[in-house]
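What you are looking at is a predicted structure, and each value in this text was computed from that prediction instead of being measured. We name chains A, B, ... by the order of the sequence lines, and we start the count at 1 in each one.
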Number of protein chains: 2
Amino acid sequence: MSVPLYQAKAEMFRMLGHPVRIRVLELLQAGPRPVRDLLAEIDVEPSNLSQQLAVLRRTGVVVSFRDAGLVMYALSTPDVADLLAAGRRILGAVLTDRDGLLAELRAHAPADRTGGNR
Amino acid sequence: MSVPLYQAKAEMFRMLGHPVRIRVLELLQAGPRPVRDLLAEIDVEPSNLSQQLAVLRRTGVVVSFRDAGLVMYALSTPDVADLLAAGRRILGAVLTDRDGLLAELRAHAPADRTGGNR
DNA sequence: TCGCGAGTTGAAGACTTCCGCAATTCGGCA
DNA sequence: TGCCGAATTGCGGAAGTCTTCAACTCGCGA
């Protein structure tokens, strides 16, 4: 019942774990776009883009429909923006905080001598 | 220079794409914890947990240090919470919005007949 | 110093994901 | 109807990930 929750979350993040898919989502934040546009901006083979779009569709973060002879894609929820924003923030935080934070944590602990976390 | 940004983001999300890793991060949100505790709550082999912890360490979202003879782990930045929260929100949104949103988008488009997005 | 429990590392095997190619489907238009 | 461009699907090989087993390191107390 409440157990496979972590499984679902993991799948959600796993689907974001690909450069092309992230890029697509970022482009779609500005509004619906035809495959044609995505293809022009992303530099990847059509079949590859299609595969990645299929993954996004399967997960449900985007929807597709046809308009004026072209296939359009759109985000299914604006919450995606938050996720990408949070990712960006962490990317920054992680690159700067790491060592300083470690030192701070060490100071609070009575024992010491980590041996360096490799 | 500015190109592999998507690559970095993808890696960040990919590292979250595993149930055990997500669970560890959620547990660490409450504060630093010894490996021993994580092991007690997660139900996974010690060596497996260690591997997942190594992944988290490599990416830089957690740090490890030794305290009172035990190895402790801690988040390297509280921003991780945002990421997990955003994930949770989307998971909910995606499960409810999907079909309704599709219908709405279709209404705005002059042409129609998607053929159902499979 | 020796031995023990805590945690980590290395490696092998099953499994999944990624990519480009060729073939296919689908809608629109002459 | 027949053709054309747009987009998708199926497939095979290369590359990566996950899990488990055994071996190893490290700090601490007897």
Quick one: are [X] and [Y] in side-chain contact, heavy atoms under 4.5 Å?
X: B:Pro34; Y: B:Asp37; value: yes
X: B:Val80; Y: B:Leu28; value: no
X: B:Leu27; Y: B:Arg33; value: yes

Between A:Asn48 and A:Val20, does the side chain to side chain contact (heavy atoms under 4.5 Å, CB included) criterion hold? Intermediate values first, please. CA-CA 9 Å; A:Asn48 196 345; A:Val20 169; 5.7 Å; no
So if I take the C1' atoms of five pairs at each end of the helix from C:dT1-D:dA30 to C:dA30-D:dT1 and get each local axis, what angle do the two axes make, rounded to 10 degrees?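 Answer for the end axes of this duplex: 10°.
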Pair B:Leu16-A:Leu16, side chain to side chain contact (heavy atoms under 4.5 Å, CB included): steps then yes or no: CA-CA 9 Å; B:Leu16 284 165; A:Leu16 283 166; over 6 Å; no
Nearest-Å distance for atom pair [atom1]/[atom2], residues [X] and [N]:
X: B:Glu11; N: D:dT17; atom1: CD; atom2: C1'; value: 14 Å
X: A:Gln7; N: C:dT16; atom1: CD; atom2: P; value: 12 Å
X: A:Ile42; N: C:dG20; atom1: CD1; atom2: P; value: 14 Å
X: B:Asp37; N: C:dA6; atom1: CG; atom2: P; value: 13 Å
X: A:Asp43; N: C:dC19; atom1: CG; atom2: P; value: 12 Å
X: B:Arg36; N: D:dG27; atom1: CZ; atom2: P; value: 17 Å
X: B:Leu16; N: D:dT17; atom1: CG; atom2: C1'; value: 15 Å
X: B:Phe65; N: D:dG27; atom1: CZ; atom2: C1'; value: 17 Å

Restricting to non-hydrogen atoms, name the atom on B:Pro19 and the atom on A:Gln7 that form the minimum distance, rounded to 0.1 Å.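 Nearest heavy atoms, B:Pro19 then A:Gln7: CG-OE1, 3.5 Å.
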Does A:Val35 or A:Arg14 map to a spot on DNA chain D nearer the 5' end, using the closest nucleotide for each?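 Going by which nucleotide is closer to the 5' end, it is A:Val35.
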OP1 or OP2 of [N] versus the side-chain N and O atoms of [X]: is any pair under 4.0 Å?
X: B:Tyr73; N: C:dA6; result: no
X: A:His18; N: C:dC19; result: yes
X: B:Arg57; N: C:dT9; result: yes
X: B:Arg21; N: D:dC18; result: yes

Counting only N and O atoms by type, is there a donor-acceptor contact under 3.5 Å from the side chain of B:Arg21 to the main-chain atoms of B:Met15?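 Side chain of B:Arg21 to backbone of B:Met15: a pair is present.
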Could you walk me through whether A:Val35 and A:Leu70 pass side chain to side chain contact (heavy atoms under 4.5 Å, CB included), step by step? CA-CA 7 Å; A:Val35 172; A:Leu70 297 179; over 6 Å; no
Return the residues of residues 46-55 of chain A meeting this criterion: a heavy atom under 4.0 Å from some atom of DNA chain C. Order them by number, or give none.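 DNA chain C contact set from residues 46-55 of chain A: A:Ser47, A:Asn48, A:Gln51, A:Gln52.
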Tabulate below the donor-acceptor pairs under 3.5 Å that side-chain atoms of residues 83-94 of chain B make, not counting sequence neighbours, or state none.
residue: B:Arg88; atom: NH1; partner: B:Glu26; partner atom: OE2; Å: 3.2
residue: B:Arg89; atom: NH1; partner: A:Asp82; partner atom: OD2; Å: 2.3

When you measure from the side chain of B:Glu45, which nucleotide among D:dC18, D:dC21, D:dT8 comes out closest?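 The nucleotide sitting nearest to the side chain is D:dC21.
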Using the side chain to side chain contact (heavy atoms under 4.5 Å, CB included) rule, take B:Val71 and B:Leu53 through it: C-alpha gap first, then chi angles, then the decisive distance, then the call. CA-CA 11 Å; B:Val71 177; B:Leu53 287 173; over 6 Å; no
Sugar-phosphate only, base, or nothing, as touched by B:Leu70 at under 4.0 Å among non-hydrogen atoms: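 Contact class for B:Leu70: sugar-phosphate only.
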